[in-house]
Amino acid sequence: MKRIAVIGTGYVGLVTGTCFAELGDTVICLDNNRQKIETLRGGQAPFYEPQLLEMIVRNQHAGRLFFSTDVAAGIRDSEVLFIAVDTPMADDGAVDLSAVRAVAAAIGQALNGPKTVISKSTVPVETGDLIASIIAENSSEHHRIDVVSNPEFLREGSAVADFMQPDRIVIGTNSAQAEALMRELYRSLDAPILVTDVRTSEMIKYAANAFLATKISFMNEIANICDLVDVDVKAVGRGIGLDHRIGTQFMSPGIGFGGSCFPKDVRALEMIAAGRQYEALLLRAVETVNRRQIDRTLAKIVAAVGGDARGKTVGVLGLAFKPNTDDVREAPAVHIIERLLAAGAAIRAHDPVAGPAVRAKLGERIVYCEQMYEALHEADALLLATEWNEYKNIDFVMVRKLMRGDKVVDGRNLFDPDAVVAAGLDYIGMGRRKTRRAARAVPLSS
Ligand SMILES: NC(=O)c1ccc[n+]([C@@H]2O[C@H](COP(=O)([O-])OP(=O)(O)OC[C@H]3O[C@@H](n4cnc5c(N)ncnc54)[C@H](O)[C@@H]3O)[C@@H](O)[C@H]2O)c1
């Protein structure tokens, strides 16, 4: 069995390495972040992801999963190298490939035999060729190198399940030998495998994220119009989603998309197009709608507290960019909080797991609450920013008692508006009408 090294032990690399170990492979996860590797060696996870820690510990104990900062040694000892380093947005909006370049150089310098180098990082078309040429430039030895694109589609919050039961596996390679190795690696997963050339595979990842982001911005736009015409967007979403060409998934409007992928990937694709003299108008609109969703949410909150946020307290439920993760990269909640602070509001916030990550960004400028109800103490308005399950059944009678004001801004359309109103609170959703009749027009059982 071939030894696997995963270079970059972040959300993607750690899940990938751990899941391959779970499938019986021997894996070493490498990272240049010493603290992260120490944490993992100590049997802890560096971030929150459901099911992951148990799997890490189990596979460490089974002698299949290792962690190291010695990237060169890890490369030398392995035939299969996954690149899973970050590819963030550079200042100009393009992709910053410096970590990918550094890893390719490290592979070249440590090269001691044939390797299959697989990019799981999201990278622009032609990066496969770039990786191959950087490896060659940095190596004094000549060995067979197959560079493969194998984009990752996992979602934080359900990453382990997504790895183990993927909708599809995309393998971008021009080599029959590399294709056979990739099929062998994924042999125990029951998923369709799509084999393309490297460039197509690189493009598939951007196109997938751009499409999903477009869906979100589309529903946000519809919700904004629903607000203006007093129509309930939930019923509209269902009414259009039952058309199989449209589908019911990913049809929930909210305060906008965030996270480490959609914002940067939409922008990157736009920049890739711009670099070839194509103006990607739809992608730009997707970004603009998303940015304005923050403005609109802020405007709703400010209006709810009387038109001026100075001296007002907003209780924020949910900080992570989505539920079941502590990732706050580009989290809309954090952007809104920063805007509210600038407008003079005080913030009391709760998140089941993301508090420490937000504290690292915002310091002590807000109050971090251990319990969700604490965040509502003397609040003039409540903002539901992340749809964690535990907020679903919040006791609005208790909320009413705790709050100074009565405004509930449901940024994810999580709450039952009738329950909010029944408790004597004022419900403000994203495209939800005040009177609740619209849903009945849609057959709910089909
Ligand atoms: N996070 C997601 O949900 C997700 C999903 C699909 C694809 N992706 C893509 O996967 C890639 C990784 O994303 P992530 O969220 O896991 O990033 P991350 O920031 O969580 O992890 C990247 C890791 O790489 C390490 N690293 C950077 N340079 C290194 C080097 N030279 N040598 C060794 N280690 C190095 C960093 O220390 C970090 O631990 C990105 O391209 C991203 O777009 C992410």
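Treat the numbers as computed from the prediction; the structure is a model and nothing was measured. Ligands are counted one by one from 1 in listed order, and the atoms in each one are counted from 1 as well. Positions are given from 1, in the same order as the sequence printed here.
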> Just checking, is any N or O donor in the side chain of Asp70 or Ser68 under 3.5 Å from an acceptor N or O on the other one?
no
> Between Asp86, Thr325, Thr122, which one has a non-hydrogen atom sitting closest to atom 22 (C) of ligand 1?
Asp86
> Considering only the protein, which heavy-atom contact is closest to atom 23 (C) of ligand 1, and what is its distance?
Asp31 OD2, 3.6 Å
> For ligand 1, is any non-hydrogen atom under 4.0 Å from Ala84's backbone (N, CA, C, O), its side chain (CB onward), both, or neither?
backbone
> Looking only at protein heavy atoms, which one is nearest to atom 21 (O) of ligand 1, and how far off is it?
Gly10 CA, 3.1 Å
> How close does the nearest protein non-hydrogen atom get to atom 43 (O) of ligand 1, and which residue and atom is it?
Lys264 NZ, 2.6 Å
> Is the closest N or O pair between Cys261 and ligand 1 shorter than 3.5 Å?
no
> Could Glu152 and Lys120 be called an ion pair, given the rule that one side-chain N must be under 4.0 Å from one carboxylate O?
yes
> Give me the residue, atom name and distance of the protein heavy atom closest to atom 11 (C) of ligand 1.
Val85 O, 3.3 Å
> If you have a sec, work out which protein heavy atom is nearest atom 40 (C) of ligand 1 and how many Å separate them, to one decimal?
Thr87 OG1, 3.4 Å
> Side chain, backbone, both or neither: which applies to Glu49 and ligand 1 if a contact is any heavy-atom pair less than 4.0 Å apart?
neither
> Examine the proximity of ligand 1 to Ser121 and report which part, side chain or backbone, both or neither, has a heavy atom under 4.0 Å away.
both
> Considering only the protein, which heavy-atom contact is closest to atom 19 (O) of ligand 1, and what is its distance?
Arg329 NH1, 3.3 Å
> Should the pair Phe262 and Phe257 be assigned to parallel (<30°), tilted (30 to 60°) or perpendicular (>60°) ring geometry?
perpendicular
> Can you tell which of Lys36, Gln35, Arg155, Glu156 gets a heavy atom nearest to atom 2 (C) of ligand 1?
Glu156
> Identify the closest protein heavy atom to atom 24 (O) of ligand 1: which residue and atom is it, and at what distance?
Gly8 CA, 3.4 Å
> Can you sort out the partners of Phe218 under ring pair (Phe, Tyr, Trp, His ring centres under 6.0 Å), two or more places apart, ordered by chain and number?
none
> Check Glu270 with Arg267, please: is the shortest side-chain N to carboxylate O separation under 4.0 Å?
yes
> Within a distance under 4.0 Å of any heavy atom of Ala99, pick out the atoms of ligand 1 and give their elements.
28 (N)
> Between Arg187 and Glu184 (salt bridge meaning N to carboxylate O under 4.0 Å), is one present in this structure?
yes
> Give the numbers and elements of all ligand 1 atoms closer than 4.0 Å to a heavy atom of Ser260.
1 (N), 15 (O)
> Measure the acute angle between the ring planes of Tyr186 and Phe20, then classify it against the limits of 30° and 60° as parallel, tilted or perpendicular.
tilted
> Give the residue, atom name and distance (to 0.1 Å) of the protein heavy atom nearest atom 16 (O) of ligand 1.
Val12 N, 2.8 Å
> For Asp167, does the CG atom sit with more than 12 other heavy atoms under 6.0 Å from it, leaving out its own atoms?
no
> Between Ser121 (side chain) and Val123 (backbone), is there a donor-acceptor pair under 3.5 Å?
no
> Whether Lys322 and Asp327 form a salt bridge (side-chain N of Lys/Arg under 4.0 Å from carboxylate O of Asp/Glu) is what I want to check.
no
> Among Val15, Val100, Asn32, Val123, whose heavy atom sits nearest atom 29 (C) of ligand 1?
Asn32
> Taking the side chain from Asn220 and the backbone from Gly254, do they hold a donor-acceptor pair closer than 3.5 Å?
yes
